[in-house]
**Q** 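Right, I'll just put the structure down here and ask away after.
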Amino acid sequence: MLLRPRRARGLLDGIPRRGPAAVPGLPAACDRAPADGDALAAYAGMLARGVRPDAYTFPPLLKAVARRGGPAAASSSAPAAVHAHVVKFGLGRGAHAASALVAAYAAGGDGAAARAALLDGRGTPAAWNALISGHCRGKRFGDSRRAFVDMVRAGAAPTPVTYVSVLSACGKGRDLLLGVQVHKRVVESGVLPDLKVESALVGMYAECADMDSAWRLFEDMEVKNVVSWTSLVSGLARLGLVDRARELFDGMPERDAVSWTAMIDGYVQAARFREALGMFREMQYSNVRADEFTMVSVITACAQLGALEIGEWARVYMSRQGIRMDVFVGNALIDMYSKCGSVERALDVFNGMHSRDKFTWTAIILGLAVNGYGEEAIDMFHRMIRVSEAPDEVTFIGVLTACTHAGLVDKGQEFFHSMTESYKIAPNVVHYGCIVDLLGRAGKITESLETIDQMPMTPNSTILGTLLAACRVHGNSEIGELVAERILALDPENSTAYILLSNIYAKANRWEDVRQLRQAIMEKGIKKEPGCSLIEMNGMIHEFVAGDRYHPMSNEIYSKLENIIADLKNIGYFPDVTEVFVEVTEEEKQKVIYWHSEKLAIAFALLSSEPNTVIRIVKNLRMCLDCHNAIKLISRLYGREVIVRDRTRFHHFRDGLCSCKDYW
DNA sequence: CTAGGGTTAG
């Protein structure tokens, strides 16, 4: 029985008929990177010239539309539209077209149509392979594995291609049990030695975190290639063993873009962002061309470091090198610009994107929200719903954060309830954390505490910390004490709890309590995480730790800082030492706050950057009251916009004011 | 129909 395509017309809807690019038989005949519609445009050109498609026409065309639809566009009718043409030209029973159709339907998420096309292609091993690999491409690894089981049951003989595809699905779906069974079949089947199958086995074990088996197989391979090496490298990196991955990487006989990217991303996953960028630099020296995968990891590293200049450079590099800006890259760029405090550029990327997915919308909503554009973020959410992109749990983190920033308490609670009622998304502890933050910011400390006590999961130290921070801002020491106790019961080493509680006592002038806290922390040997600020200058990342003298310009920086403080005092600055946590004399306390890492970074920026440029700092901890006050004044006095990315939020200082409205 | 690398929160 022939499958009846759901939509017979419209394959060429909206595809411009190009001139030279649409040469029959030369669908790839364009000198730039292929845009999504090029294969279709070439096909259009072919038809326009009256060239009849044959068995070789549709597989590449189907590959292109499957890529265009992708896993996100499960309802995409593009494969069906191509299917109509296949039938129209009488190629419906050809093995090539049938397999390509199976793969395209499966990749697009239409399992039923894929199975029907499989029968159409008479269930040949190639068609089964297409089903297995198509599901795998569409990231439905369970369907892929089931297809393999069904293939065996149907009596079709697995080929090396089958093993390669199903092993990939076992690895990505972390199904070691089936993986081992397939391994046995592979051994019994006599297809070994086979480089691709063996590599797939190594990859499967590596992805399932069974490095011993992966390693044994790898060592037994008579012929290895860059793929088998890379599987091991990324397997180690995934387990957090970046240094071991690096050793292996350094010993590789050859490296391609995939192996470099695996290594770069390994550093990113290990939060070693500067080493990630260092690797990217080495990659360029080694003359291996980066691609869009590489750039996503590089841009992600820039995002985490707040390295806007390098990020911008990466974007220029891409256009110079002709690296396609796909959705992944676009999404990573939106996130990078947002995390660098540049909402304008994030919006530029967003507006320029040809296709957007759930991640795109979530990234821009979060970007607007954390940068203080709450209302705009909520507008974006409504736009997202209007274009029928389904939000997920992370999207709602963005939406709730937006409400917190805009002070929209009722609206935030409405969104929170809509999660379960309208979107069938169960709130997790992070969502409850947003509500705690929302209520806390509004000063509703009691309700905030009630939220924690009534939520269906056990409160962790993070959510209690959010409440404790609210207690600090609103000077609520009664609830603050209780909350701090609860945090320390869960996590006795939590220095943040001690510090926030100490800040609460200090604000209430309870100096004896502050002293006792300090003593307690000393006796228990709890270390406060040192404050650290990053700032990018001329493509270099400079790091400052409170009071450090490691920077080559240290002397200049400290004397600049003295001048700045003198200038500030002239316009009414008075150092606020209430939040100093170390037990020293009053005079030394002033030094301690003057030498906070963000102040050092600002002094360095005022020495080294062009006048009127924005100063961007990334800080690992929460800012103290004194730094917040001082930077407000600095922004006014020197006419500089200062953006500090805190552990929890952004502070855009401008003209003596901060976007956080003094709540953080 | 074919093995390895990519994006959002905490």
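Letters A, B, ... are given to chains in the order of the sequence lines, protein chains preceding strands, and every chain is numbered from 1.
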**Q** Taking side-chain hydrogen bond (donor to acceptor under 3.5 Å, both in side chains) as the definition, give me every residue that meets it alongside Thr300(A), ordered by chain and number, with sequence neighbours left out.
**A**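 Not a single residue meets the side-chain hydrogen bond (donor to acceptor under 3.5 Å, both in side chains) criterion with Thr300(A).
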**Q** Applying the side-chain contact (heavy atoms from CB on, under 4.5 Å) test to Ile452(A), which of Ile435(A), Val429(A), Ile463(A) qualifies?
**A**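 Passing option: Ile463(A).
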**Q** Base, sugar-phosphate, or nothing: which does Asn460(A) touch, judged by heavy atoms less than 4.0 Å apart?
**A**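 Contact class for Asn460(A): none.
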**Q** Measure from CD1 on Ile323(A) to C1' on dG6(B) and round the result to the nearest Å.
**A**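 One finds 13 Å between C1' of dG6(B) and CD1 of Ile323(A), rounded.
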**Q** Separation of Arg315(A) atom CZ from dT7(B) atom P, in whole Å?
**A**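 Rounded to whole Å, this separation is 19 Å.
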**Q** Check whether more than 12 heavy atoms from other residues, nucleotides or ligands sit under 6.0 Å from atom CZ of Arg289(A), and answer yes or no.
**A**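 Counting neighbours around CZ of Arg289(A), 12 or fewer heavy atoms of other residues, nucleotides or ligands fall under 6.0 Å, so no.
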**Q** Would you indicate which nucleotide in dG5(B), dG4(B), dA3(B) comes nearest to any side-chain atom of Thr230(A)?
**A**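 Among dG5(B), dG4(B), dA3(B), the one nearest the side chain of Thr230(A) is dG4(B).
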**Q** If the cut-off is 4.0 Å, is Lys172(A) near the phosphate of dG4(B), judged by side-chain N/O to OP1 or OP2?
**A**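 For Lys172(A), the contact criterion (side-chain N or O under 4.0 Å from OP1 or OP2 of dG4(B)) is met.
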**Q** If you look at every strand shown and take non-hydrogen atoms under 4.0 Å, does Thr401(A) touch a base, only sugar-phosphate, or nothing?
**A**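 Counting heavy atoms under 4.0 Å across all strands, no contact is made by Thr401(A).
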**Q** Output the single nucleotide from dG6(B), dG4(B), dT2(B) whose closest atom is nearest the side chain of Val296(A).
**A**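 Looking only at heavy atoms from C-beta outward on Val296(A), the closest nucleotide is dG6(B).
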**Q** Heavy atom of residues 123-131 of chain A under 4.0 Å from DNA chain B: which residues?
**A**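 When residues 123-131 of chain A is checked for heavy atoms under 4.0 Å from DNA chain B, the hits, listed by number, are Ala126(A), Asn129(A), Ala130(A).
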**Q** Taking 4.0 Å as the cut-off, does a side-chain nitrogen or oxygen of Thr261(A) come that near to OP1 or OP2 on dG4(B)?
**A**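 No, outside the criterion.
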**Q** Within a radius of less than 6.0 Å around CZ of Arg244(A), do more than 12 heavy atoms belonging to other residues, nucleotides or ligands occur?
**A**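 Counting other residues, nucleotides and ligands, CZ of Arg244(A) stays at 12 neighbours or fewer.
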**Q** What's the CZ-C1' distance between Phe249(A) and dG4(B), to the nearest Å?
**A**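 Distance check: Phe249(A) CZ to dG4(B) C1' gives 13 Å.
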**Q** Is His405(A) reaching over with its side chain to a backbone N or O of Ala402(A), donor-acceptor style, under 3.5 angstrom?
**A**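 No, His405(A) side chain to Ala402(A) backbone: no donor-acceptor pair under 3.5 Å.
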**Q** Measure from CG on Leu201(A) to C1' on dT2(B) and round the result to the nearest Å.
**A**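 Rounded to whole Å, this separation is 13 Å.
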**Q** Can you tell me how far P of dA3(B) sits from CZ of Phe218(A), to the nearest Å?
**A**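 Computing the Phe218(A):CZ to dA3(B):P distance gives 18 Å.
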**Q** Residues in side-chain contact (heavy atoms from CB on, under 4.5 Å) with Ser418(A), at least two apart?
**A**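 Counting only residues at least two positions away or on another chain, Ser418(A) forms a side-chain contact (heavy atoms from CB on, under 4.5 Å) with Phe396(A), Phe415(A), Ser422(A), Tyr423(A).
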**Q** Measuring from the side chain of Pro59(A) (C-beta onward, heavy atoms only), which nucleotide among dG4(B), dG5(B), dC1(B) has the closest atom?
**A**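 Of the candidates, dC1(B) comes closest.
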**Q** Have a look at Val164(A) and say if it touches a base, only the backbone sugar-phosphate, or nothing, with a 4.0 Å heavy-atom cut-off.
**A**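 Result for Val164(A) = sugar-phosphate.
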**Q** Considering only side-chain heavy atoms of Ser99(A), which listed nucleotide, dT7(B), dC1(B), dA3(B), is closest?
**A**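 Nearest nucleotide to the side chain: dC1(B).
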**Q** From NZ of Lys196(A) over to P of dT2(B), roughly how many Å is that when rounded to an integer?
**A**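 Lys196(A) atom NZ is separated from dT2(B) atom P by 9 Å.
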**Q** What is the distance, rounded to the nearest whole Å, between atom CG of Asp256(A) and atom C1' of dG6(B)?
**A**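 So the two atoms are 15 Å apart, to the nearest Å.
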**Q** Remember a base hit wins even if backbone is also touched, and classify Val197(A) as base, sugar-phosphate or nothing at under 4.0 Å, heavy atoms.
**A**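 Answer is nothing: Val197(A) stays at 4.0 Å or more from every strand.
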**Q** Could you go through the ring pair (Phe, Tyr, Trp, His ring centres under 6.0 Å) check for Tyr205(A) and Trp215(A) one step at a time?
**A** CA-CA 9 Å; Tyr205(A) 282 113; Trp215(A) 189 258; over 10 Å; no
**Q** Once salt bridge (charged side-chain N to carboxylate O under 4.0 Å, His left out) is applied, what residue pairs with a partner in residues 214-224 of chain A remain, sequence neighbours excluded?
**A**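 Residue pairs passing salt bridge (charged side-chain N to carboxylate O under 4.0 Å, His left out), neighbours aside: none found.
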**Q** Nearest-Å distance, NZ (Lys139(A)) to P (dT7(B))?
**A**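 Taking NZ of Lys139(A) and P of dT7(B), I get 10 Å after rounding.
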**Q** Output a table of donor-acceptor pairs, distance under 3.5 Å, between side-chain atoms of residues 165-173 of chain A and any protein atom two or more places apart or on a different chain; print 'none' if there are none.
**A**
unit_1, atom_1, unit_2, atom_2, d
Ser165(A), OG, Val161(A), O, 2.9
Ser168(A), OG, Lys172(A), NZ, 3.2

**Q** Would you state whether a donor and an acceptor, one from the side chain of Ser231(A) and one from the base of dG4(B), lie under 3.5 Å apart?
**A**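 Not at all, since no donor on one side and acceptor on the other fall under 3.5 Å apart.
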**Q** Respond yes when some side-chain nitrogen or oxygen of Arg238(A) is under 4.0 Å from OP1 or OP2 of dG5(B), and no when none is.
**A**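 True: Arg238(A) side-chain N/O within range (under 4.0 Å) of dG5(B) OP1/OP2.
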**Q** Check the interface with nucleotides 8-10 of chain B: list each N/O to N/O pair with the protein under 3.5 Å, or write none.
**A**
unit_1, atom_1, unit_2, atom_2, d
dA9(B), OP1, Lys339(A), NZ, 3.1

**Q** So, Asn331(A) versus Thr360(A): side-chain donor-acceptor pair below 3.5 Å or not?
**A**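 Looking only at side-chain atoms, Thr360(A) and Asn331(A) do form a donor-acceptor pair, the distance falling under 3.5 Å.
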**Q** Could you check Phe293(A), Tyr267(A), Phe249(A) and say which one makes a ring pair (Phe, Tyr, Trp, His ring centres under 6.0 Å) with Trp260(A)?
**A**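 It is Phe249(A); the other options fail the test.
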**Q** Quick check: any donor-acceptor pair below 3.5 Å linking the side-chain of Asp291(A) to the base of dG6(B)?
**A**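 By the distance-only test, no, there is no pair.
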**Q** NA contact type, Val202(A), heavy-atom cut-off 4.0 Å: base, sugar-phosphate, or nothing?
**A**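 Nothing: the residue Val202(A), judged by heavy atoms under 4.0 Å, touches no strand.
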